[in-house]
Enquirer: 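Quick one: the structure is below, and I'll ask about it shortly.
Fair warning: this is a prediction, and the values are worked out from it, not measured in the lab.
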Amino acid sequence: MSVYLYAIAGAEAEVPAGGGLHGASVRAVRTPALSAVVSNAEGAESLTAESDLWDHELVVEQLMDDNDVLPVRFGTVLGDESEVERLLVDREDELKGALERVAGCVEVSVRAAILAPSNEHDTERPGSGTEYMQEALRRRLVAEHLSESIDRSLGPLARESRITPSADAGRTVTGAWLIDRGRLAEFRDRAAQLNADTEYAELVCTGPWPPYSFVGAGEG
């Protein structure tokens, strides 16, 4: 029977007690070096409901409570348990290295929304291509300045970071930070202070999350 894959962890990882996708029992497929947390994949061929995503996420987050994890992309189905074992054996060195990379860490996300100038809604939209380009450039420069400010403030607390270029005409900046669990409170405090000090943007810090942004394409 095909199996649904949630995450990869160390060989001694404890399996979460709750159910998985569609209430299926969760179990571990183990090798001497690694374990993969799986459940039966019945009904997992076409996952579309938001509840399916949260079923997946809950298993990964419960596993993360007591273990270092490599979260696997939502919707990953393998043919059977022997295929899972082959994955763990064939990629053992790569997966162990990835676990070492995120060991003791969680992911924290920050989203910064750039506030509109106080007079923006009182003016007409740019009336020419030149004005439009000037406004777009202004927004981009503001977003770049904000990205640099966030990186200077939060970067020193992180093992790694990913700041995502704005995809909405310079209105937001998003990023992910790989944080040692022991520095989580310090990171949140620093983010809150940065939000208070940044008059032209509003920052929201969320997490901890499994380290989706810091695993290779094969695990995430």
Side-chain angles (χ1 to χ4, degrees), residues 7 50-51 53-54 56-58 60-65 68-71 73-74 98 101-217 219-220:
E50 184 177 350
S51 60
L53 175 60
W54 285 112
H56 173 100
E57 182 65 17
L58 183 59
V60 180
E61 290 188 20
Q62 288 176 334
L63 183 66
M64 183 185 74
D65 285 343
D68 298 320
V69 300
L70 301 178
R73 184 181 295 111
F74 173 65
R101 178 184 175 193
V102 302
C105 290
V106 293
E107 179 173 324
V108 179
S109 299
V110 173
R111 182 182 185 275
I114 298 172
L115 303 177
S118 58
N119 63 344
E120 181 172 293
H121 300 295
D122 298 329
T123 61
E124 296 181 357
R125 299 181 65 181
S128 70
T130 299
E131 291 173 338
Y132 178 85
M133 293 301 295
Q134 289 174 338
E135 175 61 16
L137 176 60
R138 183 193 69 81
R139 287 186 178 277
R140 182 171 64 82
L141 292 175
V142 170
E144 289 177 357
H145 179 270
L146 179 59
S147 296
E148 293 169 358
S149 177
I150 293 173
D151 190 46
R152 282 195 306 271
S153 179
L154 302 181
L157 299 180
R159 188 177 298 183
E160 295 184 38
S161 62
R162 301 278 187 274
I163 297 181
T164 305
S166 173
D168 56 359
R171 289 177 170 82
T172 61
V173 172
T174 59
W177 282 261
L178 189 65
I179 305 296
D180 289 314
R181 292 174 187 264
R183 305 196 77 173
L184 183 57
E186 182 183 3
F187 184 91
R188 286 171 168 162
D189 289 345
R190 181 78 62 86
Q193 186 60 55
L194 180 61
N195 179 53
D197 293 341
T198 306
E199 296 181 353
Y200 62 94
E202 183 175 347
L203 283 70
V204 177
C205 178
T206 62
W209 308 112
Y212 285 102
S213 300
F214 302 95
V215 299
E219 300 87 58

Enquirer: Please find the pair of heavy atoms, one from Phe214 and one from Ala176, that lie closest to each other, and give the distance.
Expert: CZ-O, 3.4 Å

Enquirer: Is Glu202 paired with Arg111 through a side-chain N to carboxylate O contact shorter than 4.0 Å?
Expert: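 Looking at Glu202 together with Arg111, the answer is no, because their closest N to O distance does not fall below 4.0 Å.
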
Enquirer: Can you give me the closest heavy-atom contact between Pro208 and Arg188, atom names plus distance?
Expert: CD-NH2, 3.2 Å

Enquirer: Take Ile114 and Leu146, measure what side chain to side chain contact (heavy atoms under 4.5 Å, CB included) needs, and give me the verdict at the end.
Expert: CA-CA 9 Å; Ile114 298 172; Leu146 179 59; 3.8 Å; yes

Enquirer: Can you list the residues that meet the side chain to side chain contact (heavy atoms under 4.5 Å, CB included) rule with Glu144, with sequence neighbours excluded?
Expert: Arg140, Leu141

Enquirer: Which pair of non-hydrogen atoms, one from Val60 and one from Pro210, has the smallest distance, and what is that distance?
Expert: CG1-CG, 3.4 Å

Enquirer: Please find the pair of heavy atoms, one from Leu63 and one from Ala7, that lie closest to each other, and give the distance.
Expert: CD2-CB, 3.7 Å

Enquirer: In Å and rounded to the nearest 0.5 Å, what is the CG to SG distance from Asp180 to Cys105?
Expert: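 That separation rounds to 4.0 Å.
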
Enquirer: Considering non-hydrogen atoms only, spot the tightest contact between Pro211 and Val69 and give its length.
Expert: CG-O, 3.6 Å

Enquirer: Find the distance between CG (Asp189) and CG (Leu157) and round it off to the nearest 0.5 Å.
Expert: 10.0 Å

Enquirer: Determine yes or no for a side-chain-to-main-chain donor-acceptor pair under 3.5 angstrom, with Ser153 supplying the side chain and Ser149 the backbone.
Expert: no

Enquirer: Between the main-chain N or O of Arg101 and the side-chain N or O of Arg159, is there a donor-acceptor pair closer than 3.5 Å?
Expert: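 A pair under 3.5 Å: yes.
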
Enquirer: Under the rule for salt bridge (Lys or Arg N to Asp or Glu O under 4.0 Å), what residues qualify as partners of Arg183, not counting sequence neighbours?
Expert: Glu186

Enquirer: The criterion is salt bridge (Lys or Arg N to Asp or Glu O under 4.0 Å); which residues satisfy it with Arg181, sequence neighbours excluded?
Expert: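 Arg181 satisfies salt bridge (Lys or Arg N to Asp or Glu O under 4.0 Å) with no residue once adjacent residues are dropped.
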
Enquirer: Between Asp197 and Gln193, is any side-chain donor less than 3.5 angstrom from a side-chain acceptor?
Expert: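 Result is yes, a qualifying pair exists.
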
Enquirer: Atom CZ of Phe187 and atom SG of Cys205: how far apart are they, to the nearest 0.5 Å?
Expert: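 Separation between the atoms: 5.5 Å.
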
Enquirer: Could you measure the distance from the CZ atom of Arg190 to the CG atom of Leu194? Nearest 0.5 Å is fine.
Expert: 9.0 Å

Enquirer: May I ask you to test the Leu184-Val108 pair for a side-chain heavy-atom distance under 4.5 Å?
Expert: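 Result yes, sub-4.5 Å side-chain heavy-atom pair found.
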
Enquirer: Would you call Val110 and Val204 a side-chain contact if the rule is heavy atoms closer than 4.5 Å?
Expert: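 Of all side-chain heavy-atom pairs linking Val204 with Val110, none is under 4.5 Å.
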
Enquirer: Evaluate Asp151 against Ser161 for side chain to side chain contact (heavy atoms under 4.5 Å, CB included), listing each step before the verdict.
Expert: CA-CA 8 Å; Asp151 190 46; Ser161 62; 4.0 Å; yes

Enquirer: Can you list the steps and then say if Ile179 with Glu107 is a side chain to side chain contact (heavy atoms under 4.5 Å, CB included)?
Expert: CA-CA 6 Å; Ile179 305 296; Glu107 179 173 324; over 6 Å; no

Enquirer: With rounding to the nearest 0.5 angstrom, report the CH2 to CH2 distance, Trp177 to Trp209.
Expert: 15.0 Å

Enquirer: Begin from the C-alpha positions of Tyr200 and Val142 and carry the test side chain to side chain contact (heavy atoms under 4.5 Å, CB included) through to its verdict.
Expert: CA-CA 9 Å; Tyr200 62 94; Val142 170; 3.9 Å; yes

Enquirer: Hey, what do you get for OG1 (Thr174) to CZ (Arg162), rounding to the nearest 0.5 Å?
Expert: 13.0 Å

